[in-house]
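Some notes on the structure that comes next.
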Amino acid sequence: MSLLRYALLSAALVAAPSLTQAGEDSPSTPEVAEKAAEKAEAWVPLFNGKDLTGWTPKFRGFKAGENYRDTFRVEDGILQVRFDKWDKFKGEFGHLFYKEELSHYRLRVEYRFVGEQVEGGPGWAWRNNGVMIHGQMPEEMQLNQDFPNSIEVQMLGAKEGQKRSTGNLCTPGTHVEIDGKLVKRHVINSTSESFPGDQWVTLEIEVHGGDVIRHFINGKNVMEYHKPQLNDGTILTKGSISIQAETAPCDIRKIELLKLPTPE
């Protein structure tokens with residue numbers, strides 16, 4: 001639970017009246033206070049559950065706006081990443097970009113992996129997609145660029161009995177600082193548990209401009225780092241949000257944003 005959410009939840013508990021009508025839940029219980037805190041936070045859905053309005057696809061080898069082989073689609077209120085219309089993967093990594101850059105916010109994504117990886121997909125990309133933050137906008141990417149320069153928060157599935165954390169950090173074109181030291185490793189694992197099968201997982205990302213970023217999995221803080229920056233040292237204070245299509249089919253049923261105050 002983030003500090004902001006903890007504060008709102010505590011305030012809701014303190015402010016709740018002690019008496020209710022018969023048959024109603026007590027508003028002083030944690031469950032009701034949690035609902036009150038969520039309402040006070042005013043999360044805004046970025047995905048409307050109907051279509052891709054507000055989002056732009058970009059695939060390697062194709063111009064921004066071309067939804068290669070109908071990979072990103074919406075069915076039954078779910079944003080689907082699908083490869084059933086592909087013959088074989090030949091390096092066409094894809095991303096679906098939200099329409100605006102963001103700086104200080106919390107992003108909540110509920111996802112699950114389904115089905116089999118497209119033929120030709122690399123082994124490391126099995127049940128591997130991600131949420132890219134502080135990234136380039138799609139029009140800024142080169143035609144044959146694999147990934148936007150960005151901070152990637154991984155969404156990973158696991159096989160039964162396999163230890164494979166999710167909410168990891170990847171750094172395409174970027175670095176971060178951890179414990180005051182610049183880290184240049186491309187993949188930095190989180191402390192999350194593993195999630196085999198097709199279960200839903202809630203990923204939350206708390207972003208404070210170019211200062212600190214935190215990852216949460218099912219409400220648990222699993223990673224924290226500071227000073228996201230390009231490889232040349234330029235601090236990233238804002239950027240795009242995008243969802244990956246990295247050869248693994250998955251479902252996303254919720255993408256929600258809570259903007260945070262920007263320091264003076």
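Just so you know, these numbers come straight off a predicted model, no measurement behind them.
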Is the closest side-chain heavy-atom distance between [X] and [Y] below 4.5 Å?
{"X": "Arg73", "Y": "Asn67", "result": "no"}
{"X": "Trp55", "Y": "Leu46", "result": "yes"}
{"X": "Ile217", "Y": "Glu193", "result": "no"}
{"X": "Arg214", "Y": "Glu204", "result": "no"}
{"X": "Lys88", "Y": "Val118", "result": "no"}

Shared hydrophobic cluster, [X] / [Y] (ILVMFWY, side-chain heavy atoms < 4.5 Å):
{"X": "Val109", "Y": "Ile205", "value": "yes"}
{"X": "Leu258", "Y": "Leu203", "value": "no"}
{"X": "Val44", "Y": "Val131", "value": "no"}
{"X": "Ile241", "Y": "Phe216", "value": "no"}
{"X": "Leu169", "Y": "Phe195", "value": "yes"}

Item to check | Exercise: do Thr247 and Trp86 side chains pair donor with acceptor under 3.5 Å | outcome: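 No - no donor-acceptor pair under 3.5 Å links their side chains.
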What pair of heavy atoms forms the shortest contact from [X] to [Y], and how long is it?
{"X": "Pro228", "Y": "Val176", "answer": "CA-CG1, 4.2 Å"}
{"X": "Phe72", "Y": "Ile243", "answer": "CZ-O, 3.7 Å"}
{"X": "Ile252", "Y": "Tyr111", "answer": "CG1-CB, 4.1 Å"}
{"X": "Ser165", "Y": "Ser194", "answer": "N-OG, 4.2 Å"}
{"X": "Ala248", "Y": "Val81", "answer": "O-CG1, 4.0 Å"}
{"X": "Ser192", "Y": "Thr166", "answer": "OG-N, 2.8 Å"}

Checklist entry - Which salt bridge (charged side-chain N to carboxylate O under 4.0 Å, His left out) pairs, counting each pair once, include a residue from residues 48-68, with sequence neighbours left out? => result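 For residues 48-68, and leaving out neighbouring residues, the salt bridge (charged side-chain N to carboxylate O under 4.0 Å, His left out) pairs sorted by first residue read Arg60-Asp146.
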Checklist entry - For Gln229 and Leu182, what are the C-alpha separation, side-chain angles and deciding distance, and is it a side-chain contact (heavy atoms from CB on, under 4.5 Å)? => result CA-CA 10 Å; Gln229 56 194 268; Leu182 185 65; 3.7 Å; yes
Checklist entry - Can you list every ring-ring contact (aromatic ring centres under 6.0 Å, His included) pair that touches residues 157-186, not counting sequence neighbours? => result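 Qualifying pairs, neighbours excluded: none.
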Item to check | Within residues 235-264 or reaching into it, pairs that qualify as ring-ring contact (aromatic ring centres under 6.0 Å, His included) - sequence neighbours excluded | outcome: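 As it turns out, there is no ring-ring contact (aromatic ring centres under 6.0 Å, His included) pair with a partner in residues 235-264 once direct neighbours are skipped.
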Item to check | For Phe47, all residues meeting side chain to side chain contact (heavy atoms under 4.5 Å, CB included), sequence neighbours excluded | outcome: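 So Phe47 forms a side chain to side chain contact (heavy atoms under 4.5 Å, CB included) with Val74, Leu79, Ile255.
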Item to check | Residues forming a side chain to side chain contact (heavy atoms under 4.5 Å, CB included) with Glu100, sequence neighbours excluded | outcome: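 Tyr98, Leu102, Lys259.
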As an exercise, state the distance from [atom1] of [X] to [atom2] of [Y], rounded to the nearest 0.5 Å.
{"X": "Arg164", "Y": "Asn128", "atom1": "CZ", "atom2": "CG", "value": "5.5 Å"}
{"X": "Gln117", "Y": "Glu246", "atom1": "CD", "atom2": "CD", "value": "9.5 Å"}
{"X": "Ile213", "Y": "His226", "atom1": "CD1", "atom2": "NE2", "value": "10.0 Å"}

Checklist entry - Are Arg82 and Asp251 close enough, and set up right, to give a side-chain contact (heavy atoms from CB on, under 4.5 Å), and what steps lead you there? => result CA-CA 9 Å; Arg82 293 291 187 270; Asp251 289 339; 2.6 Å; yes
Mind listing the side-chain donor-acceptor pairs of residues 89-96 below 3.5 Å, one per line with the distance, residues two or more places apart or on another chain?
residue, atom, partner, partner atom, Å
Glu92, OE1, Lys90, N, 2.7
Glu92, OE2, Tyr68, OH, 3.3
His95, NE2, Gln244, NE2, 3.4

Checklist entry - With clusters built from Ile, Leu, Val, Met, Phe, Trp and Tyr whose side-chain heavy atoms come within less than 4.5 Å, directly or transitively, what are the remaining members of the cluster of Leu236, listed by chain and number? => result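 Leu230, listed by chain and number.
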Next on the checklist: Connecting only ILVMFWY residues whose side-chain heavy atoms lie within less than 4.5 Å of each other, what is the rest of Trp200's hydrophobic cluster?
Outcome noted: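 Trp200 shares its hydrophobic cluster with Ile78.
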Checklist entry - With His215, which residues qualify under ring pair (Phe, Tyr, Trp, His ring centres under 6.0 Å), at least two apart? => result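 Only Tyr225 meet the ring pair (Phe, Tyr, Trp, His ring centres under 6.0 Å) criterion with His215.
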Checklist entry - For Phe97, what residues pass the ring pair (Phe, Tyr, Trp, His ring centres under 6.0 Å) criterion, not counting sequence neighbours? => result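 None.
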Next on the checklist: Run the side-chain contact (heavy atoms from CB on, under 4.5 Å) test on Trp43 and Arg106 for me, step by step, so that the C-alpha distance in whole Å, both residues' side-chain angles and the decisive distance to 0.1 Å come before the verdict.
Outcome noted: CA-CA 9 Å; Trp43 288 86; Arg106 287 164 60 201; 3.5 Å; yes
Item to check | Which residues share a salt bridge (charged side-chain N to carboxylate O under 4.0 Å, His left out) with Lys99, sequence neighbours left out | outcome: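 With neighbours one apart ignored, the set is empty.
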Checklist entry - Hey, is the main chain of Gln136 close enough, under 3.5 Å, to the side chain of Ser240 for a donor-acceptor pair? => result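 Pair found, side chain donor or acceptor close to backbone of Gln136.
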Checklist entry - Looking only at atom types and distance, does a side-chain atom of Arg127 sit under 3.5 Å from a main-chain N or O of Pro196, one as donor and one as acceptor? => result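 Absent.
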Next on the checklist: Could you check whether atom CD of Glu140 has more than 12 heavy atoms from other residues, nucleotides or ligands sitting under 6.0 Å from it?
Outcome noted: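 Check passes, neighbour count above 12.
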Checklist entry - Does Asp179 CG have over 12 foreign heavy atoms under 6.0 Å away? => result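 Open.
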Item to check | Verdict with reasoning, His134 to Thr174, per side-chain contact (heavy atoms from CB on, under 4.5 Å) | outcome: CA-CA 10 Å; His134 273 2; Thr174 57; over 6 Å; no
Which pairs would a plain distance check flag for residues 148-163, meaning a side-chain donor or acceptor within less than 3.5 Å of a matching protein atom at least two apart in sequence or in another chain?
residue, atom, partner, partner atom, Å
Ser150, OG, Pro148, O, 2.8
Gln154, OE1, Asn168, ND2, 3.3
Gln162, OE1, Lys159, N, 2.8

Checklist entry - When you check the gap from the basic side-chain N to the acidic O, do Asp76 and Arg253 get nearer than 4.0 Å? => result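 Here Asp76 does not pair with Arg253 in a salt bridge, since their nearest N and O are not under 4.0 Å apart.
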